[in-house]
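In what follows, a structure is listed as structure tokens, so that the remarks can point back to it.
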Protein chains: 2
Amino acid sequence: MNEVKKYIPQETARRLSLYLRSLRRLGQEKVAVASSADITRFLNISSVQLRKDLSYFGEFGRRGVGYDVDILKGEIEKILGTDVVWKIALVGIGRLGSALLGYKGFREFNLQIAVAFDNDPAKIGKTREGIKIEHIARIREIIAQKAIKIAMLSVSAASAQRVSDELVKCGIKSILNFSPVNLVLPADIYVSNVDMASELESLVYKLKRGFS
Amino acid sequence: MNEVKKYIPQETARRLSLYLRSLRRLGQEKVAVASSADITRFLNISSVQLRKDLSYFGEFGRRGVGYDVDILKGEIEKILGTDVVWKIALVGIGRLGSALLGYKGFREFNLQIAVAFDNDPAKIGKTREGIKIEHIARIREIIAQKAIKIAMLSVSAASAQRVSDELVKCGIKSILNFSPVNLVLPADIYVSNVDMASELESLVYKLKRGFS
DNA sequence: ACGTGTGAACCGATTCACAGCA
DNA sequence: TGCTGTGAATCGGTTCACACGT
């Protein structure tokens with residue numbers, strides 16, 4: 001019953017993390033029990049969708065009643081794997097990389113930038129937001145030593161492929177890529193892209209198309 | 001034949017913008033004619049998908065030959081609407097907002113940050129990357145005057161809903177939201193979310209699940 | 001009656017298989 | 001033969017409709 005079932009939609013994981021935010025908010029408001037409708041009220045997600053998503057992992061609610069906010073929060077954290085701290089490497093400390101270094105939202109989800117790399121001698125050795133910037137030449141040594149599996153990549157488009165190849169050699173298994181190129185990497189490496197220009201372009205298209 | 005057909009998948013717009021990048025790259029390499037396979041070689045997209053995507057808008061290739069790189073580039077720009085410059089408002093000039101101000105990738109797609117807003121008196125009147133930072137109190141006046149329809153929102157989670165309500169009143173129709181809250185807005189406003197913490201959390205989940 | 005949990009129906013999007021043209 | 005263009009088949013995911021427990 002509490003076993004993990006076979007095929008789980010890609011989008012389910014993303015939604016689970018939104019449910020988590022909602023539950024945290026309810027918890028702060030001292031709500032002890034909430035229905036699926038309560039939890040999805042401020043997300044653009046239906047209550048059926050929440051119940052379906054949870055059903056892939058088990059039964060967490062009480063029929064006729066709802067969900068215990070604290071318990072469900074814990075269960076979703078366990079499912080997502082963020083019940084323990086995950087260390088992340090940040091590569092490329094330009095403007096965007098610096099913004100990521102300072103982003104407070106990661107901590108809330110037990111995500112911790114454990115090390116930052118750049119190739120600009122002027123930046124090496126400096127500490128920003130409590131994280132020391134290391135030279136990229138030391139990447140293999142440090143990532144292995146800290147057993148880091150996830151990296152955020154905020155380097156230039158020109159060097160993104162080269163750096164990501166290196167990351168894979170270091171044992172990195174997942175990359176959140178902010179550079180505007182598609183990384184070609186082995187099939188067992190999971191890459192997620194954050195592409196602001198493309199995102200904006202889609203908005204332009206929708207705007208043109210939906211209201212003209 | 002060149003008419004726009006009825007139902008076009010959501011994802012098609014996003015992919016069109018990736019094809020555009022690929023075509024630009026091919027153009028720089030002086031390639032005049034390219035097959036669908038050439039264009040998708042470095043994107044994780046099949047050549048059939050490209051042809052299907054284009055088929056929603058018309059016939060742009062020559063059978064047995066391929067596509068004229070320059071012409072297709074122009075056609076896709078017309079479809080996306082980025083054949084003309086779009087002005088964008090940036091609201092919230094913290095670390096992330098500053099990074100967005102300096103991001104060069106927008107210009108390539110004819111996207112131009114035309115004005116920036118903040119509420120910190122220390123920042124008002126300063127010019128960064130050639131863009132003057134205005135006080136948020138002047139938002140309605142300036143956005144109306146410049147006829148801006150698209151905004152990027154990089155304010156704190158606490159103020160995101162309030163500021164986006166204001167943006168809608170100013171006549172903004174699309175918002176690219178970087179703050180970690182779901183904005184509740186009228187149905188005719190298109191919102192796209194960039195949520196790094198949630199994105200990373202999905203990576204953790206995939207990592208845990210795929211390789212454990 | 002209320003709200004969860006879930007098989008079945010449905011829907012949108014991708015992939016297949018092949019017709020059409022150079 | 002090579003590559004485009006597209007209806008049809010298929011696939012994955014969401015929504016429906018309702019059984020079930022409190």
Side-chain angles (χ1 to χ4, degrees), chain A residues 1-16 18-19 22-23 26 31-41 43-69 71-73 75-76 79 202 205-206 209-210, chain B residues 1-19 22-23 26 31-41 43-69 71-73 75-76 79 202 205-206 209:
Chain A
M1 215 192 238
N2 252 32
E3 292 150 36
V4 171
K5 293 180 193 157
K6 46 260 156 130
Y7 292 116
I8 296 167
Q10 296 270 350
E11 289 300 293
T12 293
R14 194 176 314 279
R15 283 192 298 263
L16 285 175
L18 300 181
Y19 303 149
S22 195
L23 286 165
L26 288 166
V31 177
V33 175
S35 70
S36 55
D38 294 333
I39 298 169
T40 55
R41 183 145 301 143
L43 312 171
N44 286 333
I45 304 172
S46 73
S47 62
V48 196
Q49 185 72 75
L50 177 144
R51 297 202 301 277
K52 190 64 153 183
D53 283 338
L54 292 180
S55 81
Y56 293 116
F57 303 97
E59 302 191 3
F60 305 105
R62 272 186 299 154
R63 299 180 184 217
V65 181
Y67 300 87
D68 182 295
V69 170
I71 293 177
L72 185 55
K73 190 152 63 88
E75 292 289 347
I76 294 180
I79 293 167
S202 296
Y205 168 81
K206 294 245 172 63
R209 164 155 281 266
Chain B
M1 213 192 238
N2 252 33
E3 292 151 36
V4 172
K5 290 175 194 162
K6 45 256 157 129
Y7 293 115
I8 296 167
Q10 296 270 350
E11 289 299 296
T12 293
R14 194 177 315 280
R15 283 192 298 262
L16 285 174
S17 110
L18 300 180
Y19 303 149
S22 195
L23 287 165
L26 288 166
V31 177
V33 175
S35 70
S36 54
D38 294 334
I39 299 169
T40 56
R41 183 145 301 143
L43 311 172
N44 286 333
I45 304 173
S46 73
S47 62
V48 196
Q49 184 72 75
L50 176 144
R51 297 201 300 278
K52 189 64 155 183
D53 283 337
L54 292 180
S55 80
Y56 293 116
F57 302 97
E59 302 191 5
F60 304 106
R62 273 185 299 154
R63 297 178 186 221
V65 181
Y67 300 87
D68 181 296
V69 170
I71 292 177
L72 185 56
K73 190 150 65 85
E75 292 290 346
I76 294 181
I79 293 168
S202 295
Y205 168 80
K206 294 244 172 62
R209 165 153 280 269

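Just the heavy atoms: all of them, side chains too, but no hydrogens, waters or symmetry mates, feed the values below. In what follows, every chain begins at residue 1, and chains take the letters A, B, ... in the order their sequences are listed.
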When rounded to the nearest 0.5 Å, the distance separating OH of B/Tyr19 from CG of B/Leu26 is 13.5 Å
task = Quick one: label B/Ser47 by what it contacts on the DNA or RNA (base, sugar-phosphate, nothing), any heavy atom closer than 4.0 Å.
result = nothing
Categorize B/Thr12 for me: base, sugar-phosphate, or nothing, with a 4.0 angstrom heavy-atom threshold over every strand shown.
nothing
Is a side-chain N or O of B/Ser46 found less than 3.5 angstrom from the main chain of B/Gln49, in a donor-acceptor match? yes
Separation of D/dG5 atom P from B/Phe57 atom CZ, nearest Å, is 14 Å
Separation of D/dT14 atom P from B/Gln10 atom CD, nearest Å, is 13 Å
Rounded to whole Å, CG of B/Leu50 lies from P of C/dA13 at a distance of 17 Å
dist A/Glu59:CD -> A/Leu54:CG (nearest 0.5 Å) comes out at 10.5 Å
- If only side-chain N and O atoms of A/Ser36 are considered, is one of them under 4.0 Å from the OP1 or OP2 phosphate oxygen of C/dG3? no
B/Tyr7 OH to C/dC10 C1', in whole Å, measures 15 Å
note: B/Glu75, atom CD; D/dG5, atom P; distance rounded to Å ~ 12 Å
Exercise. Kindly say whether B/Ile39 contributes a backbone atom to a donor-acceptor pair with the side chain of B/Ser22 at under 3.5 angstrom?
Key: yes
Here the distance between atom P of D/dG13 and atom CD of B/Glu11, to the nearest Å, is 13 Å
Distance col, row B/Ser36:OG vs B/Arg41:CZ, nearest 0.5 angstrom, shows 9.5 Å
- Task: Answer yes or no: does a side-chain N or O of A/Tyr67 lie under 4.0 Å from OP1 or OP2 of C/dG5?
- Result: yes
Q | Within-4.5 Å side-chain heavy-atom neighbours: B/Tyr56 and B/Pro9 | A | yes
Would you tabulate the pairs of protein nitrogen or oxygen atoms and nucleotide nitrogen or oxygen atoms of nucleotides 20-22 of chain C closer than 3.5 angstrom?
| unit_1 | atom_1 | unit_2 | atom_2 | d |
| --- | --- | --- | --- | --- |
| C/dG20 | O4' | B/Arg63 | NH1 | 3.3 |
| C/dG20 | N3 | B/Arg63 | NH1 | 3.2 |
| C/dA22 | O4' | B/Arg63 | O | 3.3 |

side-chain contact (heavy atoms from CB on, under 4.5 Å) test vs A/Ile76 passes for just one of A/Leu16, A/Ile71, A/Asp53, namely A/Leu16
Below 3.5 Å between N/O atoms, which protein atoms pair up with nucleotides 15-17 of chain D? Just atom names and distances, please.
none

Looking only at side-chain N and O atoms, does A/Ser35 come under 4.0 Å of OP1 or OP2 in C/dG3?
-> no
Item checked: Residue-phosphate contact under 4.0 Å: A/Arg15 side-chain N/O, D/dT14 OP1/OP2 -> yes
One should read off an interatomic distance between A/Leu18 CG and A/Leu43 CG, to the nearest 0.5 angstrom, of 6.0 Å
- Query: Is a side-chain donor-acceptor pair under 3.5 Å present for B/Tyr67 with B/Asp38?
  - Reply: no
When rounded to whole Å, the CG to P distance for the pair A/Asp53 and D/dG13 reads 11 Å
Separation of C/dG3 atom P from A/Asp38 atom CG, nearest Å, is 8 Å
Notebook entry, point to check: Would you say D/dT14 has OP1 or OP2 under 4.0 Å from some side-chain N or O of A/Tyr56?
Noted result: no
Distance col, row A/Thr40:OG1 vs A/Arg15:CZ, nearest 0.5 angstrom, shows 11.5 Å
